[in-house]
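Scroll down for the structure; my scribbles are underneath it.
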Amino acid sequence: MQSRVQAPAWVHDVLAAVDAKDASRFAGFIAPDGVFRFANAEPVRGRAAIESVVAGFFGSIRGCRHELLGYWQDADSCAMRGNVTYQRLDGRELTLPFANVFTMRGPLIAEYLIYVDVTPLYAA
């Protein structure tokens, strides 16, 4: 994960887990009853269900890497924006802008929202 901005170490750790395609480590950042929504997909509730959905997504790509360009936080939430470069299964690369919004419960993410248009990722 690349970064041009300061953000807490745990934010970099979350994105590093995604870039490593490590669904188990990723799910460990989510509250047991947390909610996860990726792009236009339906929200998923619960750590085990989130891990399963994320592992399925990881199986649909060869890899990815995030570049964090902005980070903001308040008492119980944070937001970030950046670029994510996906390596498709056919070997082509595609860079897309993203924004994430987290609602926190202590040190865990209670709600993880990803705003990205992944339509080009799956285009022929």
Side-chain angles (χ1 to χ4, degrees):
M1 203 247 348
Q2 300 173 7
S3 177
R4 296 183 184 175
V5 299
Q6 289 292 102
W10 68 267
V11 170
H12 295 284
D13 292 344
V14 170
L15 296 176
V18 174
D19 290 351
K21 294 177 53 176
D22 188 337
S24 177
R25 184 165 50 129
F26 171 81
F29 292 100
I30 310 291
D33 62 343
V35 174
F36 174 77
R37 190 187 73 217
F38 180 73
N40 292 334
E42 290 295 317
V44 178
R45 181 176 299 275
R47 187 180 283 161
I50 292 167
E51 181 177 344
S52 177
V53 164
V54 169
F57 171 71
F58 289 162
S60 75
I61 60 172
R62 182 173 289 170
C64 64
R65 67 182 177 277
H66 287 78
E67 178 185 19
L68 196 58
L69 301 175
Y71 176 83
W72 305 267
Q73 73 178 47
D74 67 14
D76 66 349
S77 61
C78 64
M80 64 207 73
R81 70 176 188 88
N83 292 314
V84 57
T85 300
Y86 292 107
Q87 294 86 41
R88 294 169 32 134
L89 293 177
D90 65 8
R92 296 187 323 194
E93 287 197 351
L94 171 69
T95 300
L96 301 171
F98 75 90
N100 291 346
V101 178
F102 298 166
T103 302
M104 305 301 296
R105 187 178 315 126
L108 296 175
I109 302 168
E111 185 178 44
Y112 191 130
L113 307 174
I114 301 174
Y115 297 91
V116 63
D117 178 5
V118 292
T119 305
L121 181 60
Y122 298 106

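Every value quoted in this text rests on a predicted model; they were computed, and no experiment measured them. Here, residue 1 is the first one in the sequence, and each next residue gets the next number.
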State the [atom1]-[atom2] distance between [X] and [Y], to the nearest 0.5 angstrom.
X	Y	atom1	atom2	value
M104	Y112	CE	OH	11.0 Å
Q73	F102	CD	CZ	12.0 Å
E111	I30	CD	CD1	10.5 Å
L15	E67	CG	CD	11.5 Å
E51	F36	CD	CZ	12.0 Å
F98	I114	CZ	CD1	8.5 Å

Would a distance-only check, ignoring hydrogens and angles, find a side-chain to backbone donor-acceptor pair under 3.5 Å from [X] to [Y]?
X	Y	value
R65	T85	no
Q87	E93	no
D74	D76	yes

Over all heavy atoms of both residues, which pair between [X] and [Y] is shortest? Give the atoms and the distance, please.
X	Y	value
D90	R92	OD1-N, 2.9 Å
F29	W10	CE2-O, 4.2 Å
I50	F26	CG2-CE2, 3.9 Å
R25	A20	NH2-CB, 3.5 Å
V84	C64	CG2-CB, 4.1 Å
L68	A7	CD2-CB, 3.8 Å

Honestly curious: do [X] and [Y] fall in one hydrophobic cluster under the side-chain, below-4.5 Å linking rule?
X	Y	result
L108	M80	no
V14	V53	yes
V35	V116	no
I61	L94	yes
L96	V54	yes

N/O donor to acceptor pairs below 3.5 angstrom from side-chain atoms of residues 117-124, sequence neighbours left out:
unit_1	atom_1	unit_2	atom_2	d
D117	OD1	T119	N	3.0
D117	OD1	T119	OG1	2.7
Y122	OH	S60	OG	2.7

Of all residues at least two apart in sequence or in a different chain, which pass the side-chain hydrogen bond (donor to acceptor under 3.5 Å, both in side chains) check with R45?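 Here no residue qualifies.
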Atom CG of residue position N40 - does it have more than 12 heavy atoms of other residues, nucleotides or ligands inside 6.0 Å? no
Aromatic rings F38 and F57: how do their planes relate, parallel, tilted or perpendicular, breaks at 30° and 60°? tilted
Criterion side chain to side chain contact (heavy atoms under 4.5 Å, CB included) on F58 and D22, from CA distance to verdict: CA-CA 8 Å; F58 289 162; D22 188 337; 5.7 Å; no
Show your working on side chain to side chain contact (heavy atoms under 4.5 Å, CB included) between V11 and N100 and close with a plain yes or no. CA-CA 11 Å; V11 170; N100 291 346; over 6 Å; no
Please test Y115 against R37 for side chain to side chain contact (heavy atoms under 4.5 Å, CB included), starting from the C-alpha separation and ending with a verdict. CA-CA 9 Å; Y115 297 91; R37 190 187 73 217; 3.1 Å; yes
